[in-house]
Structure formats: C-alpha cells, structure tokens
Novice: 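Let me begin by handing over the structure; questions about it come next.
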Amino acid sequence: MKPSIHVVLPIVAVSLLTAAGCARTPPEASYKADVQPILEKHCKACHTPGQSGYVVSGFDLENYDSLMKGTTYGPVVLPGDPLTSALVMLIEGRADPSLKMPHGDAAPLTPDEVQTIRRWVEQGAKNN
C-alpha cells in the first residue's frame, strides 16, 4: 500500500524546514579586520587625496567615513545591497570593463576577497 499524499507532504515539508534551519549563517564580516585590509592592499594607493583614482572620482579610502561618503558622483556602498553597490559591481567586473577595479595592471582581488566585501555590504556595511 502506498502512503497517502496527505502523509508524505507534511514529512517532506518538515524535512525541508529542518534542513533550511541547519543552513550555516556566514560569519559577520568586520570592516576593520576583513574589509579594510583588502582595500588597503588593492585600492588605497590610487584612492587617497592626490592619487589618480581620487583625482578622477573623488573617492577616498582613507577611512570608513570617507568610503561611505563615496565619490563626487554619489555613494559606492549601499548597505544591505551588494547587487547595486558600485563598489561590489566594480570589483566583480559587472560594470564596463574600462571601470573594472583595481584598474590597469594591478592584481585583481581574489574570489575570497570579493566575497568578503560582498558579504560585508550584504550584512549592512557596518563600521565594526
């Protein structure tokens, strides 16, 4: 005798909910411990006052507040929204290729570094 659909569906639903509840939440990304070192390694040389990236865009990576201020064109980080945050778009290469960051011959961010910044933005881009 086959089990009734009325018996099977609740079992499947409970199994799916249990599995979803066990999903591992990614650790909170820290600006100071995780994001700032990546920006210093790959971006800060060009994006501080007097340097080429700053001259062109007004984007200063000297500290958290200047990062969150953005460029002369507007903010580059939209807390909670990595999909439309310009910073994430640029390091992921989702913008015009001429705008990919880091620019020129500089080494690109590793996939882990990109994911760290994306996770930090997604988690609210906190100054932590």
Side-chain angles (χ1 to χ4, degrees):
M1 175 181 228
K2 291 183 181 179
S4 158
I5 190 79
H6 299 288
V7 172
V8 173
L9 281 178
I11 293 171
V12 170
V14 168
S15 297
L16 290 173
L17 289 173
T18 302
C22 293
R24 196 172 143 237
T25 303
E28 183 173 53
S30 163
Y31 173 74
K32 285 187 178 186
D34 302 319
V35 175
Q36 189 174 27
I38 295 169
L39 297 175
E40 286 180 4
K41 177 182 174 185
H42 293 281
C43 314
K44 194 172 176 184
C46 290
H47 289 284
T48 53
Q51 300 304 314
S52 61
Y54 178 82
V55 170
V56 171
S57 67
F59 189 39
D60 180 6
L61 290 174
E62 196 63 39
N63 56 52
Y64 174 84
D65 292 330
S66 61
L67 163 66
M68 297 308 288
K69 180 181 173 191
T71 71
T72 55
Y73 307 103
V76 297
V77 175
L78 301 173
D81 188 1
L83 188 62
T84 60
S85 288
L87 177 65
V88 178
M89 292 173 65
L90 293 169
I91 63 172
E92 288 182 343
R94 291 188 288 120
D96 184 281
S98 68
L99 299 175
K100 176 131 174 46
M101 293 293 153
H103 199 62
D105 294 333
L109 279 68
T110 67
D112 284 345
E113 290 170 329
V114 171
Q115 186 57 37
T116 296
I117 292 175
R118 176 178 253 284
R119 187 175 76 242
W120 172 73
V121 172
E122 189 172 58
Q123 294 172 347
K126 299 174 195 157
N127 186 9
N128 55 358

Novice: What residue pairs, at least two apart or across chains, pass side chain to side chain donor-acceptor pair (under 3.5 Å) with a residue in residues 70-82?
Specialist: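 Listed by first then second residue: Asp81-Thr84.
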Novice: Would you compute the distance between atom NE2 of His47 and atom NE2 of His42 and round it to the nearest 0.5 angstrom?
Specialist: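 Atom-to-atom, His47:NE2 and His42:NE2 are 13.0 Å apart.
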Novice: Could you list the residues that satisfy side chain to side chain contact (heavy atoms under 4.5 Å, CB included) with Ser66, not counting sequence neighbours?
Specialist: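 Ser66 satisfies side chain to side chain contact (heavy atoms under 4.5 Å, CB included) with Asp60, Glu62, Asn63 only.
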Novice: Once the angle between the rings of Tyr64 and Trp120 is folded into 0 to 90°, is it parallel (under 30°), tilted (30 to 60°) or perpendicular (over 60°)?
Specialist: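 Aromatic pair Tyr64/Trp120 classed perpendicular.
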Novice: To the nearest 0.5 Å, what is the distance between CG on Leu67 and CG on Leu39?
Specialist: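 Between Leu67 CG and Leu39 CG, I get 6.0 Å after rounding to 0.5 Å.
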Novice: If you round to the nearest 0.5 Å, how far is OG of Ser57 from CG of Leu99?
Specialist: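 If we round to the nearest 0.5 Å, Leu99:CG and Ser57:OG are 10.5 Å apart.
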Novice: Atom CE of Met101 and atom CD1 of Ile91: how far apart are they, to the nearest 0.5 Å?
Specialist: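 Going from the CE atom of Met101 to the CD1 atom of Ile91 covers 11.5 Å.
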Novice: Okay, side chain of Gln51, backbone of Thr48: is any donor-acceptor separation there less than 3.5 Å?
Specialist: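 Not confirmed, Gln51 side chain does not pair with Thr48 backbone.
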Novice: Would you please name every residue forming a ring pair (Phe, Tyr, Trp, His ring centres under 6.0 Å) with Tyr54, sequence neighbours left out?
Specialist: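 Ring pair (Phe, Tyr, Trp, His ring centres under 6.0 Å) check on Tyr54 returns nothing, list empty.
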Novice: Hey, could you give me the CZ/OG distance between Arg119 and Ser30, rounded to the nearest 0.5 Å?
Specialist: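 Arg119 atom CZ to Ser30 atom OG measures 10.0 Å (nearest 0.5 Å).
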Novice: To the nearest 0.5 Å, tell me how far Thr116 OG1 sits from Leu109 CG.
Specialist: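 Rounded to the nearest 0.5 Å, the OG1-CG separation comes to 9.5 Å.
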Novice: With sequence neighbours excluded, what pairs up with Glu40 under the salt bridge (Lys or Arg N to Asp or Glu O under 4.0 Å) test?
Specialist: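 For Glu40 there are no salt bridge (Lys or Arg N to Asp or Glu O under 4.0 Å) partners, ignoring immediate neighbours.
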Novice: What about Met89 and Leu78, same hydrophobic cluster or not, with Ile/Leu/Val/Met/Phe/Trp/Tyr joined at side-chain heavy-atom distances under 4.5 Å?
Specialist: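 Cluster IDs for Met89 and Leu78 differ.
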Novice: State plainly whether one hydrophobic cluster holds both Phe59 and Met68, where clusters connect Ile, Leu, Val, Met, Phe, Trp and Tyr through side-chain heavy atoms under 4.5 angstrom apart.
Specialist: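 The answer is yes; both residues are in one hydrophobic cluster.
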Novice: Backbone N or O of Ala29 within a donor-acceptor pair of the Asn128 side chain at under 3.5 Å?
Specialist: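 Checked: pair present.
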Novice: Is Gln123 reaching over with its side chain to a backbone N or O of Pro27, donor-acceptor style, under 3.5 angstrom?
Specialist: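 Yes: the side chain of Gln123 pairs with the backbone of Pro27.
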Novice: Between Leu83 and Val121, is there shared hydrophobic-cluster membership here, with clusters defined by ILVMFWY side-chain heavy atoms closer than 4.5 Å?
Specialist: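 No, because Leu83 and Val121 fall into different hydrophobic clusters, even though each may have its own neighbours under 4.5 Å.
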Novice: Do you reckon Val56 sits in the same ILVMFWY cluster as Leu90, going by side-chain contacts under 4.5 Å, direct or chained?
Specialist: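 No; Leu90 is not reachable from Val56 via cluster members.
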Novice: Could you go through the side chain to side chain donor-acceptor pair (under 3.5 Å) check for Ser98 and Asp96 one step at a time?
Specialist: CA-CA 5 Å; Ser98 68; Asp96 184 281; 2.5 Å; yes
Novice: Check Ala107 against Pro102 and note the closest heavy-atom contact, atom names and distance.
Specialist: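 Minimum heavy-atom contact is O-CG, 3.3 Å.
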Novice: Can you list everything that forms a salt bridge (Lys or Arg N to Asp or Glu O under 4.0 Å) with Lys69? Sequence neighbours excluded, please.
Specialist: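 Lys69: no salt bridge (Lys or Arg N to Asp or Glu O under 4.0 Å) contacts found.
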Novice: Report the residues that fulfil side chain to side chain contact (heavy atoms under 4.5 Å, CB included) with Glu92, sequence neighbours left out, ordered by chain and then residue number.
Specialist: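 Scan of Glu92 (side chain to side chain contact (heavy atoms under 4.5 Å, CB included), adjacent residues dropped) gives Val88, Arg94, Val114, Arg118.
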